[in-house]
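Right, one structure below, let's go through it.
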Amino acid sequence: MINVLKNKANLVASQFRATLCGAKRSSKWGSLEKKILSEHPVCEVCGTNKHLQVHHIKPFHLYPELELDENNLIVVFSTFSFNVFPGYA
């Protein structure tokens, strides 16, 4: 139940950030995010399977056209998102 709430909070936060940056998330983002997490169930930096997030390699707010491009997505442990993608967590 806690994970469901965290996932929902992350989704709301990402939609809020996208709105602030002028780009709105596609309605397909949530299902793509779940697909990517199921296909890549470990952090691509450290290999952990806990607290994972899907991030854009090229930032969504700069490249909104790449939002649903699977080649532009990476799965990382939430702590790495602040170090690897500062400002884009």
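No experiment lies behind these values; they were computed from the predicted model shown. Residues take their numbers from the sequence shown, with the count starting at 1.
In the hydrophobic cluster analysis, where Ile, Leu, Val, Met, Phe, Trp and Tyr join through side-chain heavy atoms closer than 4.5 angstrom, Val42 is grouped apart from Val76. A single hydrophobic cluster is seen to contain both Trp29 and Leu37, as judged by linkage of ILVMFWY side chains at heavy-atom distances under 4.5 Å, directly or through other members.
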Exercise. For Leu32 and Glu70, what are the C-alpha separation, side-chain angles and deciding distance, and is it a side-chain contact (heavy atoms from CB on, under 4.5 Å)?
Worked result: CA-CA 8 Å; Leu32 177 60; Glu70 293 185 30; 3.7 Å; yes
Problem set entry | Verdict with reasoning, His55 to Gln53, per side chain to side chain donor-acceptor pair (under 3.5 Å) | CA-CA 6 Å; His55 284 268; Gln53 296 179 342; 2.9 Å; yes
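The side-chain contact (heavy atoms from CB on, under 4.5 Å) check on Asn72 picks up His56, Ile57, Lys58, Leu66, Asp69, with sequence neighbours excluded. With sequence neighbours left out, the salt bridge (charged side-chain N to carboxylate O under 4.0 Å, His left out) criterion links Glu39 to Lys35.
With Glu67 contributing its side chain and Ser26 its backbone, the two residues share a donor-acceptor pair below 3.5 Å. A side-chain donor-acceptor contact under 3.5 Å links Glu44 to the backbone of Val75.
A 4.5 Å side-chain heavy-atom check between Asn49 and Pro41 finds every atom pair outside the cut-off. Cys43 places a side-chain heavy atom less than 4.5 Å from the side chain of Leu52.
For Lys50 against Phe77, the heavy-atom pair with the smallest separation is O-CD1, 3.1 Å.
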